[in-house]
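Quick notes on the structure that follows.
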Amino acid sequence: MSRLQIEAPGDVCLNPNCRAEGGVLRAPEGDEELQAVLAELGNYDLASGYTEAIQASIDYVLDGARTWRFDLRSPDVHPGERASVGAKLEYEAQRVFGWQKVKPLDIELAGIPVDIKATVGKNWTIPTEAHCHLCICTQIRLEENIHRTLLIRTHRSWLHRGDGNNDGKRGIAAEAKNNWSVPLYDWTPIPINPLTLLTETQIEAVFEEGAGQEVRLLRLFDYLPGVVIGRSVILTVCAGRKDPMRRARAVKDRAAARGQIVLVGTWLADRAQAQECGFEIGPEDWVAIPAS
C-alpha cells in the first residue's frame, strides 16, 4: 500500500468549510487559535491531571468492586471494554480540570471550540463535526503503562481519506501527527495497580473464596509492605462484601499483633506518621510498614 500523500502548510484544505482563514493550512506556530488554546492550557498541570483521569477511567471500566478485576490487560477484559477507556477519559478529563461541556464540540478554551479525544490504540477517530477544529488527543499505551497528550488542528487534509463518505470518522495521518501537533507533556507513567505486583499464589490467597474481608486484607498487607494501597484496591479485594472501608480500618489492631503498622489515610495522625516514614498517602489510602 502506498504512503498517504497529504497537503502541507501553505496549501488549501480539502474541506470547503475549513475553519482556518481562507482555508489555508498552517503549522502550529502560525495558527492563532491553536496558540491561544495552548496558552490557556498552560494554566493546568496536564500531566498530573490526565494521570488522575486515566486512573479513574480504568477503574470505572474494570469495576473491580463487582468483578474482582484489576488488570486492564487481562484476558477477562473484553477488547471493547479496553477501547471504552478512551471514551470515559473524555468525561473524566472534563471533571478533573473543571472544563464545562460546550457545544458544538466538547469544551471551549480561550473562547475557541475544542474536541477531546483519547485512544488506547495508535490513532484517534475524528468525526466530521470536529474536522478542521482543534483537538486535544490523548494516547494510552497499556503495555508500557504510559500516556501522552497532543494538541492538533484536525484538518480534513490531515486525516485519512476514508471511503469517500464525509460523515465517516477518520484517523489522523502520521505525517500530520508527527509534524504539526504540539505535545502538551512528555510520556508519563500511569501508576500501577498494586494487585498486579502479586504472584499467582498470592492472588489466590488474597481472593480465597470463603475468606473473610479482614483475612484477605491482612494477607494483602503482608504481601505488599511499603506499598500504598488505594480505595479501589480495597474495594476489589472485598468485592461483593458489606462495608469494606470499615473492615479495612479495623485491621489495624490485628496487623499490630503480627508486627505491622497499618496506617490509614482517613486519620491525620496516620498520614503524618506515613510522611515521617517516607510515604505520601491520601485520605483514601493505606500503607503497611514493619513495626520495627
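Counting non-hydrogen atoms of neighbouring residues, nucleotides and ligands closer than 6.0 angstrom, the CD atom of Glu81 exceeds 12 such neighbours.
In plain terms, the two heavy atoms of Ile146 and Pro189 that are nearest each other are CG2-CA, 4.1 Å. Residues Thr236 and Arg69 share a closest heavy-atom pair of CG2-O, 3.9 Å. Closest of all the heavy-atom pairs between Ile116 and Asp106 is N-OD2, 2.9 Å. Taking both residues in full, the closest heavy atoms of Ser84 and Val61 are given as OG-CG2, 3.5 Å, listed atom of the first, atom of the second, then distance. For the pair Gln35 and Pro28, the tightest heavy-atom approach, listed with the atom from each and the gap, is NE2-O, 2.8 Å. The two atoms that bring Asp31 and Arg26 nearest to each other are N-CB, 4.5 Å, heavy atoms only.
Aromatic ring orientation, Trp158 versus Trp180: parallel (interplanar angle below 30°, classes split at 30° and 60°). Taking the six-membered ring for Trp and thresholds of 30 and 60 degrees, Phe70 and Phe207 have nearly parallel ring planes, at less than 30 degrees apart.
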Please assess Gln5 against Glu175 for the test side-chain contact (heavy atoms from CB on, under 4.5 Å), listing each intermediate value before the final yes or no.
-> CA-CA 9 Å; Gln5 299 295 316; Glu175 184 179 351; 5.8 Å; no

Determine, stepwise, if the pair Lys252 / Asp270 fulfils salt bridge (Lys or Arg N to Asp or Glu O under 4.0 Å).
-> CA-CA 11 Å; Lys252 285 176 68 74; Asp270 278 21; 2.8 Å; yes

Ile6 vs Ser157, side-chain contact (heavy atoms from CB on, under 4.5 Å): CA-CA, chis, key distance, verdict | CA-CA 6 Å; Ile6 64 173; Ser157 290; 5.9 Å; no

Mind running side-chain contact (heavy atoms from CB on, under 4.5 Å) on Glu33 and Arg19 for me, showing each step along the way?
-> CA-CA 10 Å; Glu33 285 191 338; Arg19 183 177 175 84; 2.9 Å; yes

Any chance you could lay out the side-chain contact (heavy atoms from CB on, under 4.5 Å) test for Trp286 and Leu263, step after step, and finish with the verdict?
-> CA-CA 6 Å; Trp286 284 254; Leu263 300 174; over 6 Å; no

In sequence, state the C-alpha distance, the side-chain angles, and the governing distance for His147 and Thr51, and then conclude on side-chain hydrogen bond (donor to acceptor under 3.5 Å, both in side chains).
-> CA-CA 8 Å; His147 66 95; Thr51 298; 2.8 Å; yes

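Val287 and Leu217 are assigned to two separate hydrophobic clusters, defined by single-linkage of ILVMFWY side chains at heavy-atom distances under 4.5 Å. Cluster annotation: Leu62 and Ile190 are assigned to the same hydrophobic cluster (Ile/Leu/Val/Met/Phe/Trp/Tyr, side-chain heavy-atom contacts under 4.5 Å, transitive). Taken together through direct or relayed side-chain contacts under 4.5 Å among Ile, Leu, Val, Met, Phe, Trp and Tyr, Trp267 and Ile281 form parts of separate hydrophobic clusters. No chain of hydrophobic side-chain contacts below 4.5 Å, direct or via other Ile, Leu, Val, Met, Phe, Trp or Tyr residues, connects Val262 to Val228. Put simply, Leu195 and Ile58 are part of two different groups of oily side chains (I, L, V, M, F, W, Y) that touch within less than 4.5 Å, one to the next.
Checking Gln94 against Gln100 by side-chain atom types alone, no donor-acceptor pair falls below 3.5 Å. Judged purely by distance below 3.5 Å, without hydrogens or angles, the side chains of Thr188 and Tyr50 never pair a donor atom with an acceptor atom. Donor-acceptor pairing under 3.5 Å is recorded for the side chains of Arg156 and His131.
A distance-only check finds no donor-acceptor pair linking the side chain of Lys103 to the backbone of Ile107 [under 3.5 Å]. With hydrogens and angles disregarded, no donor-acceptor distance shorter than 3.5 Å links the side chain of Ser181 to the backbone of Asn178.
Atom CG of Leu109 is separated from atom CZ of Phe97 by 10.5 Å, given to the nearest 0.5 angstrom.
Between Tyr44 and Trp99, the ring center distance clears the sub-6.0 Å criterion.
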